[in-house]
Every structure is written in structure tokens, then in C-alpha cells.
Amino acid sequence: MEIKVELTKNPKAKPQDESKLGFGQIFTDHMFLMNYDEGQGWHDARIVPYGPIELEPSAMCLHYGQEVFEGLKAYRTDTGKIQLFRPDENFKRLNLSNERLCIPKVDEEFLTEALKKLILVEQDWVPHSKDTSLYIRPFIIATDAHLGVHPAHHYLLMIILSPVGPYYPEGLDPVKIYVETKYVRAVKGGTGMAKTAGNYSASLLSQEEAAEQDYTQVLWLDGVERKYIEEVGAMNIFFVIDGVAVTPMLQGSILSGITRKSCIEIMQSWGMKVEERRISIDEVVDAYHSGKLDEVFGTGTAAVISPVGHLRYGDMVMTINDNKIGKISQRLYDELTGIQWGKIEDKFGWIVPVTE
Ligand SMILES: *Cc1c(COP(=O)(O)O)cnc(C)c1O
């Protein structure tokens, strides 16, 4: 499919001070759009000036949440090249989310090419400073003007771009997380494994109650027994117990993070033992009391590695690794970001260059 390009006549000023970028606050000059109409398939791929879109108030996505999204980044290397990290994995996961939400599949290879083309148009928007990147948000919404509950016949796929700084301005400082025992995020058979809007709106109240008590995020337990660990709001979670990395297995209610997958492969390449299995909160508490809980960290595209310094479960607060960044967390962060920003060799074949 051909991609039409319409360039803006009013380019915005690029941010002068890249230390103040924050996360997802400003957007670039252009965006990618593509429509789906039943009978016609995906069509009209185009790069156009960034701006508001027209949508009927009756558009189905606004009422029943038929939406999916992705999140990945483009990185600028020291020599000025721009590169992507495993974009094929993101588009593969987009199709898994599509399947769960009854949204028509997209052509993964075509979208990777479309994304590269969009980033080439916007290459001056990829920031230059250390720890900055261009955050990429592909998403699809159901656009039928109709209030019936059924899969839509018309969709809009968009890709928008936002130059971002480090997710946590404090950098790799450990975060405070509490184990959620009142609300649940997802259940097996639900939509937990899909990156879809409803999962996040369902988690806001819990997040807000955690924030009131000065906790950054919550750690979700399984929705049935409230016993097994699932993941954090937008991060997967790892526990280093007695030198072994343990992370909850993917069983339908957990999002299959690409950072999670990459961390597993990196740790295995070090010869470290990694277990993907069920892990209960009681096992974590026991490991803590017996002095075997070495490290806890979250993984996700936005924050990369997020060491957990305090983990609260009920009335009990576990201070992990003296509230300091652990050795494994630091080493993973260094290796992963080293590959992403092109500072170290990519032995895994994860990097997809955008510019030569
Ligand atoms: C996006 C996301 C993650 C992290 O996935 P990455 O591919 O590593 O960015 C983890 N959990 C949830 C719920 C997410 O939405």
C-alpha cells in the first residue's frame, strides 16, 4: 500500500530544554493514519499534520471501549543514527490485542515500514540528550456512529509521536509499591493480556488510593484467589530470590511485556537462572523474612527497569536491598539501554535502524 505524505505548513518549535521533556506531554508535527472499512480492508495510509480528528459523538470506541494500543521508542545513537527496538514484537502484540477485541488484523511488516517512514519525516524530533527518546504510540479505535454493542465495521489506526525524557525524573531510584488487596486488574479469560484502554481505566482508582498513601504504583494479585502475583500497572515484575530471577508466567491475565521478554533473554545470556512460574505473595514474604529476597524490579518500555525499594503488603512494609538499586537491576538497565541507544553491540538482533 502506498503512503501519501502531506507536510505541515506550520512546523512547531522543537523543545529547547530537553531536560524538561517529561513523558507524553508534547507531540510532533505529523501523525500516521489508516482507515478500515468492512469489505475494503485497511486503506488510505497517510502521513498528515498532527492535529484533532473528527469523530461522531456516537463513535463506538467512546461508548464501549473497543480500542487497542502499543508503546515503543525510537532512540538516537551517539553518532546521530535513529533506531527502533524490536518493533516487530509490538506489531505482533497489537494483532494479539486486536484478536481479543474483535478488531481486524493489521499487516505487521507494512506497519513497521510506515512507522519508519513517519520517523524519517520527524527525525529532527528525536531528542539528543542522554536518556531521552521518541515515544511512539500506535492505536486503533472503532469509529462506527452507532450505539449497538457489537464489533464495529469501521476503524481508524493512528500513530502519534512524543519526545520524552526519562520516565522517572529521579532516574533509577527505587520506587514504592503496594500490593493491592481490594481491587483486581484482570482475570483469566478477560482482557488482561491485551493492551486495551479499559484495563487502565479500571486501575485508576486503585492507583489513586495508592498515591494518597505515598505509593507510586500498585502490584496486582490474581483476581480469583488474590494470592498469586501478576504485574504492576504498566510494568511486569521480577523477584530475585537467592540468585534466581522469578517472574509470573504468562497465563492470560498478564501483559506479555517486550522488556520482560528481553530481560529474560539477557539474564539467560549471562548464565543466570530465570523461572517463569506462579509466584505467590506469601513466597515473596517468606523469602524476605529469610533474607533471600535480593531484588525486586519492574520492566516496561517507558521506565525500562524500575527497582522496587519498598513493597507493602497489608500492614507490613518490606524494604528491599536497603532501598538501593540492586546489582542485577543496574546491570540489566545498563545492558538494555546500552543496546537501545547503540552504545553496546546488539548480539540479539533486536535493533531495527531507521536512518543509516
Ligand atoms: C505495556 C505494558 C507492560 C510493559 O510492556 P513492554 O512491552 O515491556 O513495554 C506491562 N504491563 C502492562 C499492563 C502494560 O500495559
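Below, all heavy atoms of this structure are taken into account, side chains as well, without hydrogens, waters or symmetry copies. Counting starts at 1 for both ligands and their atoms, following the listed order.
Here Asp282 does not pair with Lys227 in a salt bridge; the nearest charged N to carboxylate O distance is not below 4.0 Å. No salt bridge links Lys347 with Glu345; every basic N to acidic carboxylate O contact stays at or beyond 4.0 Å. Classification of Glu209 and Lys182 as a salt-bridged pair holds, one side-chain N sitting under 4.0 Å from a carboxylate O. A salt bridge links Arg93 with Glu70: at least one charged nitrogen is closer than 4.0 Å to a carboxylate oxygen.
Cation-pi geometry between Arg331 and Trp270 is met: the NZ or CZ atom falls under 6.0 Å from the ring centre, inside 45° of the normal.
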Does ligand 1 have any N/O atom under 3.5 Å from a protein N/O, and what are those pairs and their distances?
residue  : atom   : partner : partner atom : Å
ligand 1 : 7 (O)  : Arg93   : NH1          : 2.8
ligand 1 : 7 (O)  : Arg93   : NH2          : 3.2
ligand 1 : 7 (O)  : Ile258  : N            : 2.8
ligand 1 : 8 (O)  : Ile258  : N            : 3.2
ligand 1 : 8 (O)  : Thr259  : N            : 2.9
ligand 1 : 8 (O)  : Thr259  : OG1          : 2.6
ligand 1 : 9 (O)  : Thr301  : N            : 2.9
ligand 1 : 9 (O)  : Thr301  : OG1          : 2.6
ligand 1 : 11 (N) : Glu231  : OE1          : 2.5
ligand 1 : 15 (O) : Lys195  : NZ           : 2.7
ligand 1 : 15 (O) : Tyr200  : OH           : 2.2

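Between the side chains of Gln330 and Asp334, at least one donor N or O lies within less than 3.5 Å of an accepting N or O.
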